[in-house]
K.L.:
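Take a look at the following structure, please.
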Amino acid sequence: MDKTFNPQNIEQSRYQQWEEQGYFKASGEGEPYCILLPPPNVTGSLHMGHGFQQTIMDILTRYHRMKGDNTLWQVGTDHAGIATQMVVERQLNAAGQTRHDLGRDKFIEKVWDWKAHSGGTITSQMRRLGTSADWEREVFTMDDNLSAAVQEVFIQLYDEGLIYRGQRLVNWDPVLHTAVSDLEVLNEEEDGHMWHMRYPLADGSGELVVATTRPETMLGDTAVAINPDDERYQHLVGKQIKLPITGRLINIVADDYVDAGFGTGCVKITPAHDFNDYELGKRHDLEMINIFTPDAKINDNAPEQYRGLDRYDARKQIVADLEEQGLLVKVEPHKLKVPRGDRSGAVIEPYLTNQWYVAVESLAKPAIEAVEKGEIKFVPENWNKTYYQWMYNIQDWCISRQLWWGHRIPAWFDDADNIYVGTDEAAVRAKYKLDDSLTLRQDEDVLDTWFSSALWPFATMGWPQKTPELETFVPSSVLVTGFDIIFFWVARMIMMTQKFTGKIPFKEIYITGLIRDEQGNKMSKSKGNVLDPIDLIDGIDLESLVEKRTAGMMQPKLAEKIAKRTRQQFPDGIAAYGTDALRFTFTAMASTSRDINFDMGRVEGYRNFCNKLWNASRFVLMNTEEQDTGKNGGELELSLADRWIWARFQQTLIAFEAALKDYRFDLAAQAVYEFTWNQFCDWYLELSKPVLNSDASTDAQKRGTRHTLVNVLESLLRLMHPVMPFITEEIWQRVAPLCSLDDTRSIMLQPYPQVDAGLQDEQVVADIEWLKQVIVGVRNIRGEMDIAPSKPLSVLLKNASSEDKRRLQATDLLLTKMARLEQVTILADGEKGPASATAIVGEMEVMIPMAGLIDKEAELARINKALEKVKADFARTEAKLSNETFVSKAPEAVIAKERAKLDEFSTQMQKLNEQKETIENL
RNA sequence: GGACGCUUAGCUCAGUUGGGAGAGCAUCGCCCUUACAAGGCGAGGGUCACUGGUUCAAGUCCAGUAGCGUCCA
């Protein structure tokens, strides 16, 4: 084995073997356990959030597989309508073409070409993470069978009246020329202005001043609203305004929606271009005047001089015109929330169009109940509040998109715009008994990508066919995802799965935190703080990293800033930490918090942990390979240390499994880290050396220790395999032949370790803890007295009880070696011993005579420090116990514990005082 | 405006039904001891944001305040 752990040499070939051997497939035996991968965009590449969530899914998958469950991790990708269409369109544009030049069919062919060549990026990156998904079952949301499911669902919902077509105000992306759902719009605060404009009353009796952030929309105003309780304006209700520029007459209406304290208290109402105004307009039966083209240019409903102007040019013009007419009162700087499309970044325009909607109310009800009844549980539980809040206020879902790439809506229109829904034109004609002479045209639009994602839990299992998978893996076990798509996806899956299978889609929903940078900022291209998980695995040099972070930056200043920061933060680029270290980092950071600040220091720490495990394994192998490990029989005599490490392993296994059960991956990681490093490496390996290296050890003893070394390591590897698949497999392949195992193909196929009550032994644990205390006591004195670790010492034990003596006898060899002692002498009762530096272990004092070794002042200082600490402890405990209410009200056990503590502190104080006196008298 | 969350060591974070403040990294000493310097041994470091309440006992429960953040309107 190499002296240091080199992940690059092992990972990819191991993965290939696993995949080729078909180890990722469900066994078909045992309890079903299923995880659905939230399908990543086929255009996407792996980001830290994917890495994090997929690590967790893989831990659960590998764990349950080893536990013997019938485990399926269902993977696939999402066709990502807008994103994918944009990618391919951009390529066309670069070649001087548009999609319209090609036409719909040719364009879609191009998209499929693109998918065939570049669509596999994210799935190959997933493989680098070690994800053990069943790739043979990989699906794509545009596959034939999934498309059939989409059609089926659409048709059924339409036939039941749950899908309808209607004219509504939608979020319109004027760049992409499509409607988008509320969830695809990001509202961010931006600097803008508030224009105060004079609106004269029609009867010439005065004027109102309205404030707006969008003066250009005045061309579509159909009312001015005031609050009904606003005494300033009450008397004007019912009067009319003569709208400037257009000269149209509009009403003054009263509505609670208006906040009298905001702006001037008078609000211009543009029902066709604002969601609140739209609602208000419906309440007051106002006319809706659309003033924009699909490009957000002024249309023919506006006065001629503005037609064709872009909305922002129109704004300038209108403001100028108003000013000229003396109708502009003032302009103030104003911060406002600007809606932008999450794909295009364009300012979204509320726009009146015909769209398809799902009426969700009846679907939402059982979906809410499933969570209320506890059939579906959120982890952490608190997220159900977010879910309820959304579900109780759920709006009908706009599912049509004006795109080419996606599931085309299975609806046909005749010339009178009657709607016919069915799988294809022939089916439609048959279904509705239409005459052949009637011309039909199919709806041009496609469905929202999330519409197909919502069917994921059952469509991936073969629905609408009745398949065994549908029976076995619905509901799935747990959904691992981020809170950002509870609405987008989780809620919709629950609704659709219940509707079409009568079952819930999953039993638990584990909501992960969001990975941020080390300062808590969201990772984003524009901030230049994005980390690529693959770079953490393979490493990247500084220049490539800078290049990557600044590529395609439109603003040179920003690029410069990012480059500078990157050079500062990663002067040597990023080291290759390997997949296991990255996975362990994700695992250790998976606590209950909703934000996770990714700290590079921890990746490095866990890389070191991998190296530690690697080297510990080297040590084990060096001492067991080609030696008798008892695998073929022979007497095994287990030392105290051997029995101790087995007992500690049981504790670790229990803690690890309990943590996994609660989805506390951080605690699981901590348990395995602590055991491996602080118990197995720091103590057990050291404690095994005296046995292995001593001529006094019998064959049975050596065999026992070798057996323990190799078998504890083997069990430990299995325990941690779900977290760190590569390094554990690599080491296990060397270790397995030294154990009595029938099947050594892969650690993946091994059973998970089981708790063995027979190996739990509190007495042994206490004995070794005692030994550790004595050793640490001696080391302490060495450290603080500046005595070389290599110098052998003589030690006296004072006030040793029979238990201490028993333990000393049982651990004599270990103690001598580990503390580098040449002699251990037990003082007789009452014997004082020479002046010494002392460590206290329970009632016993471990003394190192000072003669020639120890500096009087230094030892006094040490004693004083210890005394002060004990005194403080004593005082606190004493105060507690002398409090009568404490003694009368606290539970017996607590009081007894306090009393015991007081005794302990008192003994320690007494001993320290004695020592102090002895040394002072020197 | 509504909902939710966070504030514990220099940094990143644990702290399970209330009962002697923890880890990793960083810092400071000493060590190239035959698994590991990506290491070993040891040390220092905290008014648990603030105020009040409940309790024998509060980092933990309750109320309020401040700061930060997320989502929804």
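Not measured: the values here are computed from a predicted model. Each chain gets a letter, A, B and so on, in the order the sequences are listed, and its residues count up from 1.
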K.L.:
Judged by each residue's nearest nucleotide on RNA chain B, which is more toward the 5′ side, A:Glu904 or A:Lys385?
P.N.:
A:Lys385

K.L.:
Whom does B:G24 pair with, Watson-Crick or G-U wobble, provided both distances fall under 3.5 Å?
P.N.:
B:C11

K.L.:
Name the nucleic acid region contacted by A:Val776, choosing base, sugar-phosphate or nothing; use a 4.0 angstrom heavy-atom cut-off, strictly under.
P.N.:
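If one applies the 4.0 Å heavy-atom cut-off, A:Val776 turns out to touch the sugar-phosphate alone, with no base involved.
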
K.L.:
Look for any protein N or O under 3.5 Å of an N or O in nucleotides 9-16 of chain B and output each such pair with its distance, or none.
P.N.:
residue : atom : partner  : partner atom : Å
B:C13   : OP1  : A:Asn597 : N            : 3.1
B:C13   : OP1  : A:Asn597 : OD1          : 3.4
B:C13   : OP1  : A:Asn597 : ND2          : 2.9
B:A14   : OP1  : A:Ser591 : OG           : 2.5
B:A14   : O3'  : A:Arg664 : NH2          : 3.1
B:G15   : OP1  : A:Arg664 : NH1          : 2.7
B:G15   : OP1  : A:Arg664 : NH2          : 3.1

K.L.:
So, the side chain of A:Arg583 versus the backbone of A:Val723: is there a donor-acceptor pair under 3.5 Å, distance only?
P.N.:
yes

K.L.:
Between B:G39 and A:Asn608, is there an OP1 or OP2 to side-chain N/O distance shorter than 4.0 Å?
P.N.:
yes

K.L.:
What does A:Phe609 touch in the nucleic acid at a heavy-atom separation under 4.0 angstrom: a base, only the sugar-phosphate, or nothing?
P.N.:
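The residue A:Phe609 makes no contact with any strand.
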
K.L.:
Does the side chain of A:Arg565 pick up a donor-acceptor pair with the side chain of A:Gln568 at under 3.5 Å?
P.N.:
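A:Arg565 vs A:Gln568: no donor-acceptor pair found between side chains.
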
K.L.:
Do any N or O atoms of the protein come closer than 3.5 Å to N or O atoms of nucleotides 43-48 of chain B, and which pairs are they?
P.N.:
residue : atom : partner  : partner atom : Å
B:G44   : OP1  : A:Lys865 : NZ           : 3.4

K.L.:
Figure out the CH2/P separation between A:Trp683 and B:G40, and round it to whole Å.
P.N.:
13 Å

K.L.:
Give the rounded distance in Å between these two atoms: CH2 of A:Trp383 and P of B:C6.
P.N.:
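Distance, rounded to whole Å: 11 Å.
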
K.L.:
Of the nucleotides B:C56, B:U70, B:G42, which has the atom closest to the A:Phe483 side chain?
P.N.:
B:U70

K.L.:
Can you tell me if the side-chain N/O atoms of A:Trp677 get under 4.0 Å from OP1 or OP2 in B:G40?
P.N.:
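Checking B:G40 against A:Trp677, a side-chain N or O does come within under 4.0 Å of OP1 or OP2.
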
K.L.:
Against the six-membered ring of A:Phe680, is A:Lys612 placed for a cation-pi contact (under 6.0 Å from the centre, within 45° of the normal)?
P.N.:
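Pair A:Lys612/A:Phe680 does not count as cation-pi.
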
K.L.:
List the protein contact pattern of nucleotides 26-35 of chain B with one symbol per nucleotide (5' to 3'): B for base contact, S for sugar-phosphate-only contact, - for none; contact means a heavy-atom distance under 4.0 Å.
P.N.:
---------B

K.L.:
At 4.0 Å (heavy atoms only), tell me whether A:Arg607 reaches a base, stays on the sugar-phosphate, or touches nothing.
P.N.:
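Base: the residue A:Arg607, judged by heavy atoms under 4.0 Å, touches a nucleobase.
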
K.L.:
With a 3.5 Å cut-off and no angle check, do the side chains of A:Asp642 and A:Tyr684 form a donor-acceptor pair?
P.N.:
yes

